Amino acid sequence: MSQSKNKEPSSIKGTRDILPPESRKWQKAERFLQRIFESYGYKEIRTPVFESTELFEKGTGETSDVVIKEMYTFADKGGRSLTLRPEYTPSIVRSIIENRLYLKPDLMRFYFIGPMFRYDKPQKGRYRQFHQADIEVFGEKDPEVDAEIVEMAYTLLKKLGVKNIKILINSVGCRKCRPEYHKKLKTEAEKQRARLCEDCRRKIDTNPLRIFDCKKDTCRNAALGFPKITDFLCAECQSHFEKFRSLLDFYGLKYSVDPQLVRGLDYYTKTTFEITSSKLGAQDAVLGGGRYDEMMKDFGGPDICGIGFAMGMERLLSVMPDIDEPEKFLYIVHIGEEAKKVSMKLAQYFRENGVECVLEYKDRKLKKQMSRADKLKAAWSLVVGEEEIEKNKYQLKDMRTGDQKEVTKEEALKRMIG
RNA sequence: GUGAGCGUAGCUCAACUGGUUAGAGCACCGGACUGUGGAUUCGGAGGUUGGGGGUUCGAAGCCCCUCGCUCACCCCA
């Protein structure tokens, strides 16, 4: 399995480099999200990129597609089975239990932005290494949090200028009411077996809820008569869902109830939601999440409920309008060896005082250096030559207006900062 | 994992039905211009046509394999 000698190295399928002009956009989005999250009381939590495989099998769920076919699992040299995290929630839950965070008086509101890994076939808006911004709240069982989270998600997308967004919500019930619904749905689907396509027939046993997703007309028509989860909720889930909806109204948010909104992770209870943008293509969810009241307990921790969402950064970025801010740096043009030295000192001075400052050390002609400053879109250029060194005054040029002034370094600084 | 479409210079694309040494624009580097950018002009560099095999006198174009990209299914952010 040796590679041919002269083959260029390349990135792994489903991964990609985020290069300079784009990386700026990422930084901006990340900073923006941090600000918003923190304004709602969330604090950053960082956990390792890999965990024991078992954590995801138990947390994400052994019957979920993510666990069955999408995990990057490997054995380390000690023979432990490890997995690159495919999602974040189980890691946070693990950390809360392990660090006994529930015994502290602090809010249990956490956010995180970082890479996730899923062995999926790449396509639009889907990568093997992708990034999520994730928020989770623990210990708040009332629907007020559900609504606040959706409100936050909607608000931040709006503020980022994302257009054509839609809020979809549903309730998937709890361990009391869902099994009954499941049984009912199965029997109904079984009755319609003859009308369903091959895929859907298989789904009757594996995941009958997914029949709702089928695009074939016959299946759609057959599914029309199927029972809806929302008609089977127990009293508690029913009232939670109703309160949740009325609170969304209270926030003035438009949403649609989508009884087919079944998220692919096994752990959800009660509220699930998704925000979509029609600009994304087939993978139109910018973010998705829901409530998972049993996970902590299932992990052997205290009986503390949780709710949160994950937002796809790649998807977010692709529907965010670019706001290209002009560059704000100084390009120092130097002529001759002595000037180069003086320029280096000047650069030090400007940088110390908070001005982004660039100089290229090649011995290029003045004209060439000016041309470089222009190409790099410098906001200012500063010419340093023999005359300037003698006078201790330099030619500062505003590259946008073309205005040029002879100034001391202090004056130059003032002009650039002020 | 399944299916479809596409791979020619850094980018966007040419190359008549298989026919000499694979071209152009933009971008890059340099000169014209010896202390002032964006314009013009001249030149330079840049390719094993994704890779491998086959058919042919001859392949960027046809056939097979492979890799990658794109889109869709499954599923998800």
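Keep in mind it's a predicted model, so treat the numbers as computed, not measured. Order of the sequence lines sets the chain letters (A, B, ...), proteins ahead of strands, with each chain counted from 1.
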**Student:** Going by atom types only, do A/Glu51 and A/Thr83 share a side-chain donor-acceptor pair under 3.5 Å?
**Tutor:** no
**Student:** Please work out if A/Tyr127 contacts a base, only the sugar-phosphate, or nothing of the nucleic acid, heavy-atom cut-off 4.0 Å.
**Tutor:**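 Base contact - A/Tyr127 has a heavy atom under 4.0 Å of at least one base atom.
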**Student:** If you pin A/Lys121 and A/Asp284 to their nearest nucleotides in RNA chain B, which one's is more 5'?
**Tutor:** A/Lys121
**Student:** Say we look at B/rU12 and B/rG51: how far apart would their C1' atoms be, to the nearest angstrom?
**Tutor:** 24 Å
**Student:** Let's test this: given Watson-Crick or G-U wobble pairing with both distances under 3.5 Å, identify the partner of B/rC62.
**Tutor:**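 Result: B/rG54.
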**Student:** Judged by atom type as modelled, is there a donor-acceptor pair below 3.5 Å linking the side chain of A/Ser381 to the main-chain atoms of A/Tyr331?
**Tutor:**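 A pair under 3.5 Å: no.
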**Student:** Looking only at side chains, do A/Thr408 and A/Tyr394 share a donor and an acceptor under 3.5 Å apart?
**Tutor:** no
**Student:** Send over the distance from A/Leu157 CG to B/rA77 C1', rounded to a whole Å.
**Tutor:** 12 Å
**Student:** Suppose you measure atom C1' in B/rG7 against the same atom in B/rC74; what distance do you get, rounded to whole Å?
**Tutor:**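 Taking atom C1' in both B/rG7 and B/rC74, they lie 26 Å apart.
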**Student:** Looking at A/Tyr349, is A/Arg351 sitting on its ring face, NZ or CZ under 6.0 Å from the six-membered ring centre and within 45 degrees of the normal?
**Tutor:**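 No; the conditions do not both hold, so A/Arg351 does not lie above the ring face of A/Tyr349.
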**Student:** Give the rounded distance in Å between these two atoms: CZ of A/Arg128 and P of B/rU70.
**Tutor:** 12 Å
**Student:** Please work out whether B/rG61 sits syn or anti, treating a glycosidic angle within 90° of 0 as syn.
**Tutor:** syn
**Student:** Let me know the distance between CG of A/Asp120 and C1' of B/rG1, rounded to the nearest Å.
**Tutor:**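 Checked: the CG to C1' distance equals 10 Å.
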**Student:** Quick one about A/His334 and A/Asp363 (side-chain donor to acceptor, distance below 3.5 Å, no hydrogens or angles considered), yes or no?
**Tutor:**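 Side-chain D/A pair, A/Asp363 to A/His334: absent.
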**Student:** Give me the distance, rounded to whole Å, that separates B/rG61 from B/rG19 when you measure between the P atoms they each carry.
**Tutor:** 11 Å
**Student:** May I ask which nucleotide in the shown strands pairs with B/rG23, Watson-Crick or G-U wobble, both distances under 3.5 Å?
**Tutor:** B/rC13
**Student:** Taking the same atom, C1', in B/rC65 and in B/rC28, what whole-Å distance lies between them?
**Tutor:** 37 Å
**Student:** Rounded to whole angstrom units, what separation is found between the CD1 atom of A/Ile135 and the C1' atom of B/rA77?
**Tutor:**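 About 14 Å, once rounded to whole Å.
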**Student:** When you measure only distances, ignoring hydrogens and angles, does the side chain of A/Lys124 come within 3.5 Å of the base of B/rU70 through a donor and an acceptor?
**Tutor:**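 A donor-acceptor contact between them is absent.
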**Student:** Check every strand shown and say whether A/Gly336 touches a base, only sugar-phosphate, or nothing at a heavy-atom separation below 4.0 Å.
**Tutor:**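 Since no nucleic acid heavy atom lies under 4.0 Å of A/Gly336, the category is nothing.
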**Student:** Spell out, as yes or no, whether a donor-acceptor pair under 3.5 Å connects the side chain of A/Ser95 to the backbone of A/Ser91.
**Tutor:**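 Here the side-chain-to-backbone pair does not exist.
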**Student:** Using only modelled atom types and a 3.5 angstrom limit, is any donor from either the side chain of A/Arg118 or the base of B/rA77 paired with an acceptor on the other?
**Tutor:**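 Indeed there is one.
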**Student:** For B/rU34, give its Watson-Crick or G-U wobble partner with both distances under 3.5 Å, or none.
**Tutor:** none
**Student:** I need the CD-C1' distance between A/Glu22 and B/rC11, as an integer number of Å.
**Tutor:**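 Result: 16 Å.
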**Student:** Determine the Euclidean distance between corresponding P atoms of B/rC57 and B/rA22; express it in Å to zero decimal places.
**Tutor:**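 My reading of the P atoms in B/rA22 and B/rC57 gives 22 Å.
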**Student:** For B/rG47 versus B/rG54, give the span between their P atoms, rounded off to a whole number of Å.
**Tutor:**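 Their P atoms lie roughly 26 Å apart.
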**Student:** Between the side chains of A/Gln123 and A/Arg126, does any donor sit under 3.5 Å from an acceptor?
**Tutor:**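 Looking only at side-chain atoms, A/Arg126 and A/Gln123 do form a donor-acceptor pair, the distance falling under 3.5 Å.
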**Student:** When the C1' atoms of B/rG3 and B/rU48 are considered, how many whole Å apart are they?
**Tutor:**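 Taking atom C1' in both B/rG3 and B/rU48, they lie 33 Å apart.
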**Student:** Could you run down nucleotides 29-42 of chain B 5' to 3' and tag each one B, S or - for protein heavy-atom contact under 4.0 Å?
**Tutor:** SSSSB-BBBB----
**Student:** Nearest whole angstrom, please: distance from the C1' of B/rU2 to the CG of A/Asp65.
**Tutor:**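 Interatomic distance, CG of A/Asp65 to C1' of B/rU2: 14 Å.
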**Student:** To the nearest angstrom, how far is A/Lys13 atom NZ from B/rC71 atom C1'?
**Tutor:** 13 Å
**Student:** Are side-chain N/O atoms of A/Thr271 and A/Asp146 paired as donor and acceptor at under 3.5 Å?
**Tutor:** yes
**Student:** Closer to the 5' end of RNA chain B via nearest nucleotide, is it A/Lys69 or A/Ala310?
**Tutor:**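 Of the two residues, A/Lys69 wins.
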**Student:** What nucleic acid atoms does A/Val286 come within less than 4.0 Å of, heavy atoms only: base, sugar-phosphate, or nothing?
**Tutor:** sugar-phosphate
**Student:** Will you find, in the side chains of A/Glu136 and A/Tyr88, an N or O donor that is under 3.5 Å from an N or O acceptor?
**Tutor:**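 No, because no side-chain N or O of A/Glu136 sits under 3.5 Å from a partner of the opposite role on A/Tyr88.
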**Student:** Taking atom P of B/rU2 as reference, at what distance in whole Å does atom CD of A/Gln123 sit?
**Tutor:**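 So the CD-P distance, A/Gln123 to B/rU2, works out to 15 Å.
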**Student:** Measuring only the C1' atom in each nucleotide, how far is B/rA24 from B/rU17? A whole number of Å is fine.
**Tutor:** 23 Å
